[in-house]
Number of protein chains: 2
Amino acid sequence: MKTIEMEDEPTEVDRPSGPEKRGRKASKEVRRQQLIEATIDSLAKRGYSETTMADVADGAKLSRGIVNFHFESKEKLLVATLQYMYDEYSAHWRNAYEKAGDNTADQLKALVAADFDRAICNKRKLAAWCAFWGEAKSRPTYQALSGARDTAYQNLLSDLCSRLKTEAGYDFEPQALALALSALLEGLWLRLMMGLEDVSRETALQAANAFLLTAFPKHYTSEKNGLQRLDTREAPLLMK
Amino acid sequence: MKTIEMEDEPTEVDRPSGPEKRGRKASKEVRRQQLIEATIDSLAKRGYSETTMADVADGAKLSRGIVNFHFESKEKLLVATLQYMYDEYSAHWRNAYEKAGDNTADQLKALVAADFDRAICNKRKLAAWCAFWGEAKSRPTYQALSGARDTAYQNLLSDLCSRLKTEAGYDFEPQALALALSALLEGLWLRLMMGLEDVSRETALQAANAFLLTAFPKHYTSEKNGLQRLDTREAPLLMK
DNA sequence: CAAAATTTGCTGAACATTCATTCAATATAG
DNA sequence: CTATATTGAATGAATGTTCAGCAAATTTTG
């Protein structure tokens, strides 16, 4: 049973990347960021139930009492960490969507691809997400933030599915298909996180693309390197 | 923000359903079962990190030291609980598969429907599953059992996808589509567990069926009450 | 059949450990 | 010098584990 290597991005805060102060004293914000990164490390390495204040402090190479100074309590540190990951994920898919241009099929393809981007989708982050999922049901505070794919995301997916439907005349239910798609993405994350089977970022993206291909056969075609968009006659090119 | 009610099946072991002894003394196996059910309750109610031996014992209405007597340690109790859920899930889908008859499309439909059966898919069980998922990465012991949809399940899905492909000449990659399907099912479970959005067992099943419908348009058609199988000419009816 | 002996299941107080939190003392920056 | 950041030992609460003893069931003995 071989384990698939999923490249980890190194913690970015550790190395002094600019004029920020490291070592003896640093600003409130820099320390908070540093502690949040250490928290993600600990969640990924030891899981939620075994993540301790001491481990976080050690990971940040600071003293034991430091977390209570910057965040007041363990609970608040964890909420801040979850909020951080939530914000990062939101910014990431919104950015991918912005940059995708005006074509609906391209936009959907970009959203799906964004989910498997190294910056978001790596062992460390996925493990941290999953750690929170495991606690979300019993903690109201986590519940709202644990579903990274929130209402805005879900609405956008529904909208894109609707548009593709009217463009090419599919006969699916846009709401149901959008739900299926986002559940699929989350499910693939879960597989990646578990890391037992032969599922890598690449095969996961292939599976997601296989879905797009079967659901929107008039919009995409299969190519060597993933998905290719097909031109739809119904969309006149107004821009040029 | 309204929460969707997902009906809970009551704990089955509590009521004396047969000649088993309750009250003062009971056999080893009955007690173990009872404690496992109490563990699932606790996991669902409080999450993994706040499930304590005391809570499990209280839930089973037994004394504090009881768990260490029947299982030796908390760790072993949790492994036994996970194993129990794994076995139950396995038996459930295998049974659904057996009863589905000889038609490949029916078999696939039955497997998908089985995932949203009350017996398997209820708030209590899903919450317990998710609690384990959150710890799986950092605990080798959990890893093998946490993926309820195991290799055997995955292979069966791949096989069914292959057959449908040859029956009707789709052009997807069976492996990738099977991975997408099982990830979709797991992702829907995750949504159901979170219970924030308007996702009920019924809408989840609809989303899964929407997937089947788009992926295998020559095998299924949409009906009021879910999915209907279409006859494929390529499958001669040898039986009658 | 009845009493005694033994096995088996169970209890709950005591113990040890882990861990979040507090805070007085200390070091650094401005 | 003053305000701010940091340290690390002390504290206390929570909790998993142990175990001596008790009670019900079962077997043995008279």
Side-chain angles (χ1 to χ4, degrees), chain A residues 13-14 16 18-39 41-43 45-81 131 135 138-139 141, chain B residues 13-14 16 19-39 41-43 45-81 131 135 138-139 141-142:
Chain A
V13 157
D14 258 9
E20 288 111 3
K21 297 152 192 171
R22 283 301 324 282
R24 251 0 226 165
K25 286 196 178 184
S27 76
K28 220 98 175 164
E29 269 317 305
V30 169
R31 277 281 180 268
R32 285 176 62 95
Q33 174 89 359
Q34 184 185 3
L35 288 169
I36 284 173
E37 291 289 344
T39 304
D41 283 338
S42 184
L43 286 170
K45 187 164 42 104
R46 322 188 5 151
Y48 187 97
S49 72
E50 296 206 309
T51 285
T52 66
M53 301 287 258
D55 194 52
V56 170
D58 291 352
K61 283 172 188 160
L62 292 169
S63 70
R64 295 294 159 91
I66 197 71
V67 175
N68 290 96
F69 180 78
H70 286 285
F71 296 86
E72 193 169 353
S73 72
K74 184 183 181 181
E75 179 67 17
K76 288 183 179 168
L77 167 69
L78 289 167
V79 170
T81 302
E135 298 292 316
S138 48
R139 315 221 178 191
T141 326
Chain B
V13 157
D14 260 9
E20 288 109 6
K21 299 154 193 172
R22 281 300 326 281
R24 241 10 219 160
K25 286 196 178 182
S27 77
K28 219 96 174 169
E29 269 317 305
V30 169
R31 277 281 179 269
R32 284 176 62 97
Q33 173 91 358
Q34 184 185 2
L35 289 169
I36 284 175
E37 292 288 344
T39 305
D41 283 338
S42 184
L43 287 169
K45 186 166 41 109
R46 321 186 10 149
Y48 187 97
S49 73
E50 295 206 311
T51 286
T52 65
M53 300 287 257
D55 194 53
V56 170
D58 290 354
K61 284 173 186 157
L62 292 170
S63 69
R64 292 296 158 92
I66 195 69
V67 175
N68 289 97
F69 180 76
H70 285 285
F71 293 85
E72 193 172 351
S73 72
K74 185 184 183 183
E75 177 69 15
K76 287 184 179 167
L77 167 68
L78 290 166
V79 170
T81 302
E135 297 292 318
S138 47
R139 313 219 179 195
T141 324
Y142 294 173

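It should be emphasised that the depicted structure is a prediction, and the values quoted were computed from it without experimental measurement. Order of the sequence lines sets the chain letters (A, B, ...), proteins ahead of strands, with each chain counted from 1.
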### Rounded distance [0.5 Å steps], OG in A:S42 versus OH in A:Y48
11.5 Å
### Query
If you pin B:S63 and A:E72 to their nearest nucleotides in DNA chain C, which one's is more 5'?
B:S63
### Message
Can you measure B:M53 atom CE to D:dT18 atom C1' for me and round it to whole angstrom units?
### Response
11 Å
### Message
Please report the distance, rounded to the nearest Å, between NZ in A:K61 and P in D:dT6.
### Response
16 Å
### Query
CZ of A:F69 versus P of C:dT22: gap in Å, rounded?
14 Å
### Message
For D:dA5 and A:K28 - does any side-chain N or O of the residue sit under 4.0 Å from the phosphate oxygens OP1/OP2?
### Response
yes
### Task
Mind calculating the distance between CG (A:L78) and P (C:dA20) to the nearest angstrom?
10 Å
### Summary
Between CG of A:D58 and C1' of D:dG8 the distance, given in whole Å, is 12 Å
### Query
Expressed in angstrom and rounded to an integer, what is the separation of B:N68 atom CG from C:dG9 atom P?
16 Å
### Message
Rounded to whole Å, please give me the gap between CD1 in B:I66 and P in C:dT8.
### Response
16 Å
### Task
Return the nearest nucleotide to the side chain of B:S73; candidates are D:dT17, C:dT11, C:dA20.
D:dT17
### Query
Between D:dA24 atom C1' and B:R31 atom CZ, what is the distance in whole Å?
12 Å
### Task
Give, for atom NZ of B:K28 and atom CZ of B:F69, the distance between the pair rounded to the nearest 0.5 Å.
4.0 Å
### Query
So, B:K45 and B:E50, do they make that salt bridge, N to O below 4.0 Å?
no
### Query
If you measure from OG1 on B:T51 to CG on B:L78, what distance do you get to the nearest 0.5 Å?
7.5 Å
